[in-house]
Structure formats: C-alpha cells, structure tokens
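The next block holds one structure in the form of structure tokens; read it before the comments.
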There are 2 protein chains.
Amino acid sequence: MSENAGRWLRDEIENAILSNELGPGTRLDETALANRFGVSRTPVREALMQLGAIGLIEIRPRRSAVVVDLPPRRVYEMFEVMAELEGMAGSLAARRLDSDSREAIATAHDRCERSAGAGDSDAYYYDNEEFHKAIYAASRSDYLAEQCAQLHQRLRPYRRLQLRVRNRLSTSFSEHCAIVDVIFAGDGEAARKLLQAHVGVQGERFSDLVASMAAR
Amino acid sequence: MSENAGRWLRDEIENAILSNELGPGTRLDETALANRFGVSRTPVREALMQLGAIGLIEIRPRRSAVVVDLPPRRVYEMFEVMAELEGMAGSLAARRLDSDSREAIATAHDRCERSAGAGDSDAYYYDNEEFHKAIYAASRSDYLAEQCAQLHQRLRPYRRLQLRVRNRLSTSFSEHCAIVDVIFAGDGEAARKLLQAHVGVQGERFSDLVASMAAR
DNA sequence: CACAATAATATTGTATACATAAGCTCGATT
DNA sequence: AATCGAGCTTATGTATACAATATTATTGTG
C-alpha cells in the first residue's frame with residue numbers, strides 16, 4: 001500500500017482514470033472511494049486534491065469532483081505541443097548523443113521491429129513508449145524528458161485509439177527507422193522535423209483522431 | 001477567503017513561495033501554517049498536496065514538506081523549454097493573427113515602450129508579462145497559452161534576477177520591437193526565432209543567470 | 001570531552017464528528 | 001401539466017482526536 005494511503009490512492013485513481021475505468025465526466029464520490037479502498041475520506045481527499053492540481057480531475061467546491069472531459073480541440077492542442085516537445089527532444093538527442101543513449105535507442109528500436117513484424121499491437125504499444133522514452137532521455141534534459149513523458153501519459157487514451165487505425169502500426173515503425181537514422185547521423189533539424197510529423201496530428205491523421213473521439 | 005480555505009491557502013502559500021518569502025529549502029510545518037492562517041491542519045494539508053503535485057514543494061512522507069530548490073541545471077533546462085514554447089506561440093500567433101489579438105499586442109507593446117523609456121524596471125516587469133501573455137493568447141491555442149503562462153510564473157524568481165542586469169531593459173524592449181514587426185508581418189518562422197532568442201539563456205545571458213543564482 | 005543509546009518531544013498520517021451547503025422529493029399553485 | 005418552493009437527504013469542508021514515526025534532548029559510557 002506504499003505505506004502512505006494518500007500517495008497510493010493518487011496512483012490508483014490516476015490509473016483508473018487513464019485506463020478509462022473512470023471515464024470523462026464520472027463523479028468521484030469521496031465516501032464511495034473511501035469505502036472502495038478501505039480507508040477514510042481524509043486520504044481520498046488528499047489524492048483528489050493532487051489529481052485536481054495536475055488537471056486530471058476538476059474540483060468544484062461543494063460539488064463532487066469529476067473526471068475532466070477534454071474537448072477535441074484541446075486534445076488537438078495538446079498533441080500540437082507534444083509534437084513540438086518531441087521534436088525538441090529529438091533535436092537535442094541528435095546533437096548530444098552518446099554511446100549509452102545510442103544503445104538504448106537501438107535496443108528499443110529493435111523491440112519495436114519485432115512487435116511490429118509480429119503484428120502485436122499491444123506489444124508495439126509498449127515498445128513504442130520505451131522507444132520514445134529513450135529519445136527523451138538522450139536529450140539530456142531531465143526537465144524536457146519529464147514534460148514529454150507526462151504529456152505522453154496524459155494523451156495515452158487518445159493515442160491508443162489512433163493505433164487502431166489501419167496500417168498505423170507498420171507506418172509508425174517505418175517512421176521510427178527514419179528517425180533513428182537521422183538521430184544517429186547527428187542531424188538535429190531532421191530529427192526535429194521527423195518527430196514532429198510522427199507525433200503530429202496533421203491531415204488525415206487528425207480527422208482519424210476526431211472521428212475516433214466522436215465515436216466514443 | 002475565497003469561501004474555500006484549501007484553495008485560498010494554496011494561493012497564499014504559492015505566492016509566498018514565488019515571492020521568495022518562503023525560499024527554497026524552507027520547511028513547511030503544518031501546524032505553524034495552520035496557526036498563521038487561522039485554520040486547522042486539514043486545509044493546510046490539502047494545499048500542500050496540491051503544491052506538491054505541481055512540483056513547487058517536495059512532500060517527504062513522515063517528514064516535513066520543503067520548498068523545492070531547483071538546481072541551476074534544471075532552471076536552465078526549464079528556460080530552454082520555455083524558449084521553445086514561446087517560439088511556438090509566436091509562430092502560431094504570426095500565422096493566426098486577427099485584429100483583436102493584433103490590437104492587444106500593440107497595446108501591451110506601447111505600455112512596454114513607456115515603462116522602458118521611463119527606466120521603470122518594476123513597471124516594465126509587469127508590462128513585459130502582459131506583452132508575452134498577449135502573444136500566448138494570439139496563438140489561439142488555450143493549452144499552449146496555459147503552459148507558457150505556467151512556466152513563465154514558475155520561472156518568475158529567476159527572470160526577475162535577469163532584469164537587473166545592466167541594459168537588459170532597453171535590450172529587451174528593442175527585441176520586442178523586432179518581434180512585433182515579424183508577427184504583424186505574418187512571418188511565423190521569424191517570430192519563432194526571435195522569441196526563442198529573446199527568452200533563451202544563451203551565451204553571456206546564461207552566465208549572467210548562473211552568476212546571479214550562485215550569488216543567492 | 002566526544003559519542004552512542006535511550007527517553008522525551010514534536011509532527012505527521014488517518015479516522016471520525018459535526019456544521020453547512022447542494023441536490024432532491026413531493027406537494028401546492030398558476 | 002408544468003413550475004416553483006419548502007423540507008428532507010446526502011455529500012462536502014473543516015476541526016479535532018489519536019496513533020505512529022521522526023527528531024531532539026538527555027544521560028551514561030569510553
């Protein structure tokens with residue numbers, strides 16, 4: 001239980017939200033949560049305050065907290081910023097690459113190749129995450145890496161929908177190949193452009209996203 | 001009192017930290033804070049949980065919360081990301097500018113000119129903030145604008161130090177002039193470059209920053 | 001005089017109680 | 001039939017009590 005009910009609850013509830021078990025708009029009844037997790041309302045409230053502070057839930061005074069429902073426009077804006085930060089991370093990674101980071105990226109890339117080849121969407125989903133984290137780390141900017149990882153996590157539910165799109169898996173992997181090439185070649189600007197395009201919700205990919213959100 | 005002690009306390013303590021009244025490393029004794037603000041420990045704890053969630057304080061289980069002390073390297077990384085996001089906002093603003101945003105930017109720019117001309121550092125500090133906010137808003141991306149404003153606020157203590165540097169005030173304003181020109185001309189890439197350079201801690205400006213931090 | 005072990009103290013983590021505001025039911029009125 | 005309102009029910013906001021742990025002080029020993 002992490003020896004700390006508040007922190008543990010924050011993680012539990014956060015996971016429940018990110019895994020869509022507690023979908024957007026769900027009311028978060030403090031007493032119900034307290035019963036569900038076998039604690040009093042005090043640590044539940046502390047967990048909720050934390051989730052409210054990071055924007056995962058909305059805390060309305062005297063009324064229940066609810067899971068935030070991001071409007072499509074805002075999700076789009078978040079992807080836009082994500083693309084910019086990923087591009088930045090790629091650019092820095094290309095310029096600052098050392099042998100350790102190079103190896104970490106290569107390893108993650110190989111794993112992606114295997115799961116993409118096997119057509120294993122779930123495995124690829126995980127390996128893809130590791131691949132991107134390897135690039136964040138290679139940027140040598142801890143703050144940037146944290147911001148990227150945070151946004152990545154926040155957008156997880158929407159990204160998962162995207163992967164379902166036909167051929168997205170092999171398309172994604174071939175984009176990875178090009179990204180690895182330019183990073184290993186030390187070409188920061190190329191890495192920035194490719195990563196921006198990789199993440200970006202432009203053209204048809206954006207309409208796919210909007211369509212999958214509307215279908216929900 | 002905002003009719004909500006927890007929220008009110010969060011703002012109070014946040015201000016106390018950002019204004020350096022509660023400097024880095026300060027222990028935050030719950031009982032002491034409760035007495036100081038005339039409430040019980042419960043809302044104090046809720047405020048602390050929120051500030052912990054946004055990274056302003058560090059919450060160490062069973063030990064007091066402390067105001068985080070950002071290492072110079074991390075401050076530098078935050079400025080780096082800030083520069084990227086400001087550049088992005090400028091780029092979008094130039095491409096999406098409408099007459100309302102144009103007017104808001106022009107107004108803020110005029111105010112900066114007045115305070116810079118008067119050599120009023122405090123007034124310029126405020127007007128500068130409004131100028132940048134006008135650009136964020138002109139980007140038409142609410143999420144980006146929020147992220148920029150948040151980072152801007154978080155870096156406030158360090159930025160304030162920077163403004164003290166000799167000639168920074170007039171230098172800053174002449175940079176504003178160039179920025180306004182290219183945004184009004186609709187040149188997104190130029191706006192991105194100029195804003196990145198304006199915010200960025202490159203060359204001598206970076207050493208100024210490190211020096212002022214070390215002097216603390 | 002320094003240092004380690006132990007006792008005393010202070011602080012945090014959680015539960016519970018109670019006051020207060022929001023929401024809801026049901027009846028009355030237009 | 002629909003709408004408004006009074007009273008009731010439920011949930012939230014805050015205070016307080018108590019248990020558990022960290023910190024400080026004290027005492028004894030080398």
Side-chain angles (χ1 to χ4, degrees), chain A residues 1-18 20-71, chain B residues 1-18 20-71:
Chain A
M1 196 204 270
S2 173
E3 61 149 332
N4 183 297
R7 205 162 287 217
W8 170 63
L9 279 170
R10 169 171 61 74
D11 294 340
E12 288 291 323
I13 300 174
E14 183 172 351
N15 283 336
I17 293 174
L18 291 176
N20 226 39
E21 181 199 332
L22 297 173
T26 306
R27 284 176 44 122
L28 298 170
D29 184 303
E30 296 173 3
T31 309
L33 288 170
N35 291 337
R36 166 171 169 181
F37 292 108
V39 295
S40 79
R41 278 177 50 221
T42 307
V44 170
R45 282 184 62 86
E46 294 187 347
L48 294 183
M49 301 310 302
Q50 295 182 66
L51 295 175
I54 62 174
L56 211 58
I57 67 178
E58 185 191 348
I59 293 181
R60 309 168 300 178
R62 281 283 171 199
R63 309 172 65 211
S64 303
V66 296
V67 179
V68 173
D69 188 6
L70 299 174
Chain B
M1 197 202 273
S2 172
E3 61 147 333
N4 184 299
R7 208 163 283 219
W8 171 61
L9 278 170
R10 170 170 61 73
D11 294 341
E12 288 290 323
I13 300 173
E14 183 173 350
N15 283 336
I17 293 174
L18 290 176
N20 227 38
E21 181 198 332
L22 296 173
T26 307
R27 284 175 45 116
L28 299 169
D29 183 303
E30 296 174 2
T31 310
L33 288 170
N35 291 336
R36 166 171 168 181
F37 292 107
V39 295
S40 80
R41 279 177 48 223
T42 306
V44 170
R45 282 183 62 85
E46 294 187 347
L48 293 183
M49 300 310 301
Q50 295 181 68
L51 295 175
I54 62 174
L56 212 58
I57 67 178
E58 185 192 349
I59 292 181
R60 309 168 300 178
R62 284 281 171 200
R63 308 174 62 211
S64 304
V66 295
V67 179
V68 291
D69 188 6
L70 299 175

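Small disclaimer: the values here were computed from a predicted structure and weren't measured. Lettering of chains follows the sequences in order, A, B, ..., and the numbering in each one begins at 1.
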Exercise answer: donor-acceptor pairs, residues 39-49 of chain A side-chain atoms, under 3.5 Å, sequence neighbours excluded:
residue, atom, partner, partner atom, Å
A:S40, OG, A:T42, N, 3.3
A:R41, NE, A:E30, OE1, 3.2
A:R41, NH2, A:E30, OE1, 3.1
A:R45, NE, B:E46, OE2, 2.7
A:R45, NH1, A:E30, OE1, 3.4
A:R45, NH1, A:E30, OE2, 2.9
A:R45, NH2, B:E46, OE1, 3.3
A:R45, NH2, B:E46, OE2, 3.2
A:E46, OE1, B:R45, NH2, 3.3
A:E46, OE2, B:R45, NE, 2.7
A:E46, OE2, B:R45, NH2, 3.2

Name every donor-acceptor pair, under 3.5 Å, that has one atom in a side chain of residues 59-68 of chain B and the other anywhere in the protein, sequence neighbours excluded.
residue, atom, partner, partner atom, Å
B:R60, NE, B:S64, O, 2.8
B:R60, NH2, B:S64, O, 2.9
B:S64, OG, B:R27, NH2, 2.8

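In this structure, B:T26 and B:L22 approach most closely via the heavy-atom pair OG1-C, 3.7 Å.
The listed nucleotides are C:dT12, C:dA15, D:dA15; the one nearest the side chain of A:V39 is C:dA15. Considering only side-chain atoms of B:E46, the nucleotide from D:dT14, C:dT16, D:dA11 that sits closest is D:dT14.
The interatomic distance linking A:R60 (CZ) with C:dA21 (C1') rounds to 14 Å, in whole Å. The CZ atom of B:R45 sits 10 Å away from the C1' atom of C:dT11 (whole-angstrom rounding). Taking atom CE of B:M49 as the reference point, atom P of C:dT14 lies 9 Å away to the nearest angstrom.
Among residues two or more places apart in sequence or in another chain, the side-chain contact (heavy atoms from CB on, under 4.5 Å) test is passed with A:N35 by A:T31. Shown here are the side-chain contact (heavy atoms from CB on, under 4.5 Å) partners of B:E12, two or more places apart in sequence or in another chain: B:W8, B:F37.
Only B:L28, B:D29, B:E30, listed by number, bring a heavy atom of residues 25-35 of chain B to less than 4.0 angstrom from any atom of DNA chain C.
With respect to A:I13, the side chain to side chain contact (heavy atoms under 4.5 Å, CB included) criterion is satisfied by exactly one of A:D11, A:I17, A:N15: A:I17.
Using a 4.0 Å cut-off, no side-chain N or O of B:T42 falls inside it from OP1 or OP2 of D:dG13.
Without hydrogens or angle criteria, A:D29 side chain to A:A32 main chain gives a donor-acceptor distance under 3.5 Å.
Ion pairing between B:E21 and B:R36 holds under the 4.0 Å rule for side-chain N and carboxylate O.
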Pick out the pairs of N or O atoms, protein on one side and nucleotides 18-22 of chain D on the other, that lie under 3.5 Å.
residue, atom, partner, partner atom, Å
D:dA20, N3, B:R62, NH1, 3.4

